[in-house]
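Inspection log for the structure reproduced underneath, given as structure tokens.
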Amino acid sequence: MNSHHLKYLLPIRCIIFIAVFCCVSLITKQELSSFSNWWSPVASIVNILLIALLLFLCKKSGITFAKLINYQKGKTKGFEVFILTMLILMVGMSGMYIAGFICYGVIPYAAPMMIAPVPLWIAIINLVVLPVSTAVAEDSLYLGCGVNQIKNKWASIFVPAFFFALQHSFIPVLFDVKYILYRFLSFLPLTIILCIYYYKKRNPVPVIIGHAVIDLATAVQILMTSAIPGFYQMMTGL
């Protein structure tokens, strides 16, 4: 297998999430919205499976995983990580609020199912698994298989950024046009910035760390809503 074929994997997360949620809906005969709060453990499982698939495909292509994402030991500076992490948090939060205003006319707006409670033991495990697995899986896919493998400069930035943002529209899957657009617009500015940064620097470490931090913030909120009675109602009532 040629490593350049890895770019065709970019839509895979969209396809997997739609398939998983629709299959569960068919099997349980429940509406998609009835189990949307389970998105975080589903995401963690998909992340782990995707990382395993990428490791397998790297081996088949004759490259290492480090080569896929262009990891170079000793290249990363702490100040660079700090600045990019702050930028990710700022752009990520701003994107969600602006998209919420565009789609729902509300500031601040956040989709309530994204911090909905789950069984406490799952929330505790996901406090570590979700941020780490999401950052490694998504950045390896969209930066390693996208930015690194697409030859045209602008396509190598905007095609991965598009799918990077689009996958969020299906975590969880709800076939509501306004919700899908809200999730897509929330992340598009951030994914474009991350792809531009990576195109210029070719260093995945600051992106992965900053990405993990913003997902850790979400995992902490899920842990709090799962552990503290009434906290979810308080947060969604803001």
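Please read these numbers as outputs of a predicted model, since none were measured by experiment.
For Y199 (side chain) and W154 (main-chain N/O), no donor-acceptor pair under 3.5 Å exists by modelled atom type. Not one N or O on the side chain of S133 forms a donor-acceptor pair closer than 3.5 Å with the backbone of I48. With S169 contributing its side chain and I180 its backbone, the two residues share a donor-acceptor pair below 3.5 Å.
The OG atom of S36 lies 13.0 Å from the CD1 atom of I171; values are rounded to the nearest 0.5 Å. Atom CG of L10 and atom CG of L141 lie 5.5 Å apart (nearest 0.5 Å). Between the CG atom in L143 and the CD1 atom in I208 there is a gap of 8.0 Å [rounded to 0.5 Å]. For the atom pair NZ (K67) and OG (S61), the distance works out to 13.0 Å, reported to the nearest 0.5 Å. Here D215 contributes atom CG and T134 contributes atom OG1; the two are 5.0 Å apart, rounded to the nearest 0.5 Å. Rounding to the nearest 0.5 Å places CG of L6 at 11.0 Å from OG of S140.
Here the closest heavy-atom approach between residue N37 and residue P117 is recorded as ND2-O, 3.2 Å. Of all non-hydrogen atoms in P131 and A212, the two that sit nearest each other are CB-O, 3.4 Å. Minimum interatomic distance between N126 and P41 (heavy atoms only, all atoms of both residues): ND2-N, 3.3 Å. The minimum heavy-atom distance linking P112 with Y232 is given by the pair O-OH, 3.1 Å. Considering every non-hydrogen atom in both C103 and L185, the closest pair reads SG-CD1, 4.3 Å. In this structure, P160 and C195 approach most closely via the heavy-atom pair CB-SG, 4.1 Å.
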Item to check | Chi angles and distances behind the side chain to side chain contact (heavy atoms under 4.5 Å, CB included) call for K151, K7 | outcome: CA-CA 10 Å; K151 295 303 182 183; K7 60 180 175 284; over 6 Å; no

Checklist entry - Going through the checks in order, is the side chain to side chain contact (heavy atoms under 4.5 Å, CB included) test met by L53 and I12? => result CA-CA 11 Å; L53 174 63; I12 193 171; 3.7 Å; yes

Next on the checklist: Would F163 and T191 count as a side chain to side chain contact (heavy atoms under 4.5 Å, CB included) here? Give the steps.
Outcome noted: CA-CA 9 Å; F163 285 108; T191 60; over 6 Å; no

Checklist entry - Stepwise, does the side chain to side chain contact (heavy atoms under 4.5 Å, CB included) test hold for V128 with L216? => result CA-CA 8 Å; V128 175; L216 176 61; over 6 Å; no

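In this structure the side chain of L54 reaches within 4.5 angstrom of the side chain of C145, judged on heavy atoms. By the 4.5 Å heavy-atom criterion applied to side chains, L84 and H211 are not counted as neighbours. Considering only heavy atoms from C-beta on, W39 comes within 4.5 Å of I222 through its side chain. In this structure, N148 and R202 have side chains that are in contact, with non-hydrogen atoms separated by less than 4.5 Å. Side-chain contact between P206 and Y197 is present, with heavy atoms from C-beta onward closer than 4.5 Å. Between P172 and Y179, some side-chain heavy-atom pair lies under the 4.5 Å cut-off. Within the 4.5 Å cutoff, the side chain of T76 has heavy atoms near those of the N203 side chain. Residues R183 and M114 meet the side-chain proximity criterion, which asks for heavy atoms closer than 4.5 Å.
The cluster map of Ile, Leu, Val, Met, Phe, Trp and Tyr, joined by side-chain heavy atoms under 4.5 Å apart, puts L49 and V24 in different clusters. Under a hydrophobic-cluster definition in which Ile, Leu, Val, Met, Phe, Trp and Tyr are linked whenever side-chain heavy atoms come within less than 4.5 Å, directly or via other members, I214 and I83 are assigned to the same cluster. By the criterion of side-chain heavy atoms lying less than 4.5 angstrom apart, applied directly or through intervening Ile, Leu, Val, Met, Phe, Trp or Tyr residues, I196 is grouped together with F162 in one hydrophobic cluster. In the hydrophobic cluster analysis, where Ile, Leu, Val, Met, Phe, Trp and Tyr join through side-chain heavy atoms closer than 4.5 angstrom, I107 is grouped apart from I115. Cluster annotation: V177 and F101 are assigned to distinct hydrophobic clusters (Ile/Leu/Val/Met/Phe/Trp/Tyr, side-chain heavy-atom contacts under 4.5 Å, transitive).
Between F164 and Y142, the ring planes are parallel. Angles under 30° get that label, and only those over 60° would be called perpendicular.
Under the side-chain contact (heavy atoms from CB on, under 4.5 Å) test applied with I88, the options V213, L194, I193 reduce to a single match, L194.
Atom OH of Y97 has 12 or fewer neighbouring heavy atoms from other residues, nucleotides or ligands inside a 6.0 Å radius. Residue K75 places its NZ atom among more than 12 non-hydrogen atoms of other residues, nucleotides or ligands, all under 6.0 Å distant. Annotation for F82: atom CZ does not count as buried by contact number, only 12 or fewer foreign heavy atoms lying within 6.0 Å.
In terms of the side chain to side chain contact (heavy atoms under 4.5 Å, CB included) criterion, residue partners of L32 (sequence neighbours excluded) are, by chain and number, F21, S25, F35, V173, L174, F175.
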